[in-house]
Number of protein chains: 2
Amino acid sequence: MSGGTDGYSVGDVARIAKVTVRTLHHYDRIGLLSPVGRTPAGYRLYQDRDLDRLQRILFYRALGFSLDEVAAILDDPQSSPRDHLRRQHALLKERIRQLEELAEAVEHAMEAEKMGIQLTPEEKFELFGPDYDEAWEQEAEQRWGDTDAWKESQRRTGSYSKEDWRRIQLEADALNERIAAAMAAGEAPDGEAGMDLAEQHRQHICENFYDCTFEIHRGIASLYVGDPRFTANLDKVAPGLAQWLHDAMLANATRAGH
Amino acid sequence: MSGGTDGYSVGDVARIAKVTVRTLHHYDRIGLLSPVGRTPAGYRLYQDRDLDRLQRILFYRALGFSLDEVAAILDDPQSSPRDHLRRQHALLKERIRQLEELAEAVEHAMEAEKMGIQLTPEEKFELFGPDYDEAWEQEAEQRWGDTDAWKESQRRTGSYSKEDWRRIQLEADALNERIAAAMAAGEAPDGEAGMDLAEQHRQHICENFYDCTFEIHRGIASLYVGDPRFTANLDKVAPGLAQWLHDAMLANATRAGH
DNA sequence: GCTTGACCCTCCCGCTACGTCAGGCTCCAG
DNA sequence: CTGGAGCCTGACGTAGCGGGAGGGTCAAGC
């Protein structure tokens with residue numbers, strides 16, 4: 001019965017779609033995906049149309065819709081396969097955008113933490129922003145357990161001692177001093193020296209914190225002049241340093257082609 | 001009791017973190033987040049530390065971990081706030097990467113559908129790839145209901161009649177003929193004419209299907225020569241057209257700075 | 001022809017992460 | 001001193017399956 005012209009058995013479908021037989025039973029019971037036919041013995045027989053439907057079910061489910069909502073979407077007589085693909089593409093792009101925002105918020109928090117700036121309680125939750133995504137649930141460990149990012153994160157986690165943190169802080173302070181010195185010496189932020197210092201700043205983040213792209217660096221730059229707490233913190237080293245460093249960072253990013 | 005120095009009430013925390021009071025009760029009961037103190041009357045009193053913990057709980061939960069797993073992550077005595085932020089950043093980046101792969105797979109499916117190519121059952125599910133992400137659950141409609149991508153998708157959905165599809169198909173055919181003609185005339189794919197035709201190809205997708213960036217267009221190009229079904233389909237118009245168009249598309253994308 | 005093992009069926013109970021009352025105490029404003 | 005908003009603790013309900021019991025089905029091999 002392994003997928004002849006007569007159709008697919010539950011087991012076949014389960015293997016193909018990587019879901020459990022139980023799930024298919026469930027979808028049958030709630031009427032979300034009922035195979036067209038049955039064998040005389042009562043075995044479920046799925047056709048290609050059922051597979052298509054299942055594929056869409058899994059997609060929308062993965063995007064966080066309840067099975068009821070999935071049913072509503074799929075049973076809309078107006079949407080063609082094309083419409084579904086377009087809708088799926090649009091939904092994905094939107095999700096990606098939201099995640100990138102979240103990542104940016106995390107970068108923001110990292111900067112704040114790095115510089116010892118206290119965020120207000122509400123602010124901490126703004127992470128999940130106004131268009132709060134929330135849960136995309138399930139999976140986790142077994143899946144995430146062997147993902148690269150997870151391992152990377154695990155590998156680094158706990159590998160810094162207090163000494164390390166002190167060293168990093170000292171390096172950062174030293175860099176700030178050099179930047180302040182350049183500024184005091186009348187160097188232009190978008191000059192050679194300025195851009196080099198900005199690049200050192202970026203490298204310091206890369207080496208000690210996370211992969212800081214030029215895009216991220218630009219984001220941090222605007223933080224430095226846009227968020228008064230960051231500005232204040234930097235200007236403590238030398239007045240005007242936040243702005244100068246901001247300009248240098250932008251110039252450096254631009255020089256690098258961003 | 002609205003957040004004095006004595007702490008926050010459940011209601012306060014619920015408002016700040018945008019979760020329900022019931023959720024906080026639940027977390028208390030299972031020992032995931034128990035407020036440090038209580039008032040004489042038994043009212044829960046949360047401190048800033050509890051808020052921090054809650055924030056992390058919500059983050060990891062949103063990333064698909066079960067509450068048990070979240071507890072394990074948070075109660076690891078080795079991870080500092082810094083580690084958490086780094087871990088979160090890594091997890092987000094990974095998720096984004098996975099979603100982008102999925103989006104690419106959808107683009108692939110769109111191309112296949114557009115050209116009437118039949119994917120094998122298994123192939124349809126490869127969408128969810130080897131590192132099948134799966135569910136990030138919940139929310140949906142109320143949230144997604146008013147998201148831009150959703151509206152865009154809804155707006156376009158069902159707005160194409162059979163006539164429209166015929167027109168689009170005819171336009172595509174006509175374009176293919178023009179490309180074949182250019183090729184027959186001995187034009188170089190990376191010449192002015194080739195790149196212009198490639199750009200028309202891209203525009204045709206943009207106008208009728210989805211926002212086709214140069215990156216996506218490059219992806220489609222490799223599909224044209226990499227997937228024999230696409231190649232065959234295009235070479236039906238004129239032998240060698242798939243390769244020629246591929247080269248033209250790459251040249252055009254490169255000209256545009258990608 | 002008969003067994004055996006891989007599948008299939010239908011209940012049905014269990015689990016997670018809460019939602020949603022119900023019944024009752026507490027607290028501050030007016 | 002009273003009303004209403006807010007807090008408490010059960011306790012039951014729900015979604016989306018997981019997992020097992022108890023039993024029929026089917027092609028392969030002896």
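Predicted model, so just to flag it, every value in this text is computed and none were measured.
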Taking OP1 and OP2 of [N], is either one under 4.0 Å from a side-chain nitrogen or oxygen of [X]?
X: A/Y27; N: D/dC17; result: yes
X: B/T23; N: C/dG19; result: yes
X: A/R29; N: D/dG16; result: no
X: B/T20; N: C/dG19; result: yes

Problem set entry | Flag for B/R87-B/Y60: side-chain donor and acceptor within less than 3.5 Å |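 Yes, side-chain donor-acceptor contact under 3.5 Å.
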
Between [N] atom [atom2] and [X] atom [atom1], what is the distance in whole Å?
X: A/H26; N: C/dC11; atom1: NE2; atom2: P; result: 16 Å
X: B/L24; N: C/dT20; atom1: CG; atom2: P; result: 15 Å
X: A/F65; N: D/dG16; atom1: CZ; atom2: P; result: 13 Å
X: B/L32; N: C/dA17; atom1: CG; atom2: C1'; result: 11 Å
X: A/I30; N: D/dA15; atom1: CD1; atom2: C1'; result: 9 Å

Exercise. Any side-chain heavy-atom pair from B/Q88 and B/L91 closer than 4.5 angstrom?
Worked result: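 No. Closest side-chain heavy atoms not under 4.5 Å.
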
Exercise. Do B/V36 and B/L45 come within less than 4.5 Å of each other through their side chains, counting heavy atoms only?
Worked result: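 No, too far: nothing below the 4.5 Å cut-off.
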
Exercise. Are any of the side-chain nitrogens in B/D48 or B/R53 under 4.0 Å away from the carboxylate oxygens of its partner?
Worked result: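 The answer is no: the pair does not qualify as a salt bridge.
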
Exercise. Are any side-chain N or O atoms of B/D52 and backbone N or O atoms of B/R49, one a donor and one an acceptor, separated by less than 3.5 Å?
Worked result: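 Such a contact is absent between B/D52 side chain and B/R49 backbone.
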
Exercise. For the side chain of A/E111 and the backbone of A/H108, is there at least one donor-acceptor N/O pair under 3.5 Å apart?
Worked result: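 It does not hold such a pair.
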
For this session: Scan A/D28, A/T23, A/V21 and name whichever one has a side chain to side chain contact (heavy atoms under 4.5 Å, CB included) with A/H25.
Result: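 With A/H25 as partner, A/D28, A/T23, A/V21 yield a single side chain to side chain contact (heavy atoms under 4.5 Å, CB included), made by A/V21.
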
Exercise. Taking for each residue the nucleotide of DNA chain D with the nearest heavy atom, is it A/P40 or A/D68 whose nucleotide lies nearer the 5' end?
Worked result: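 Its nucleotide being nearer the 5' end, the pick is A/D68.
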
Exercise. When you check every protein heavy atom under 4.0 Å of nucleotides 4-9 of chain C, what one-letter string (B, S, -) results, 5' to 3'?
Worked result: ---BSS

Could you go over nucleotides 12-14 of chain D and give all protein N or O partners under 3.5 Å, atom names and distances?
none

For this session: Taking all heavy atoms of A/Q47 and all of A/G7, pick out the closest pair and write down the distance.
Result: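 Shortest heavy-atom separation between A/Q47 and A/G7 comes out as OE1-CA, 3.8 Å.
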
Exercise. Taking it one step at a time, do A/E100 and A/R97 satisfy salt bridge (Lys or Arg N to Asp or Glu O under 4.0 Å)?
Worked result: CA-CA 5 Å; A/E100 275 167 351; A/R97 202 189 53 70; over 6 Å; no

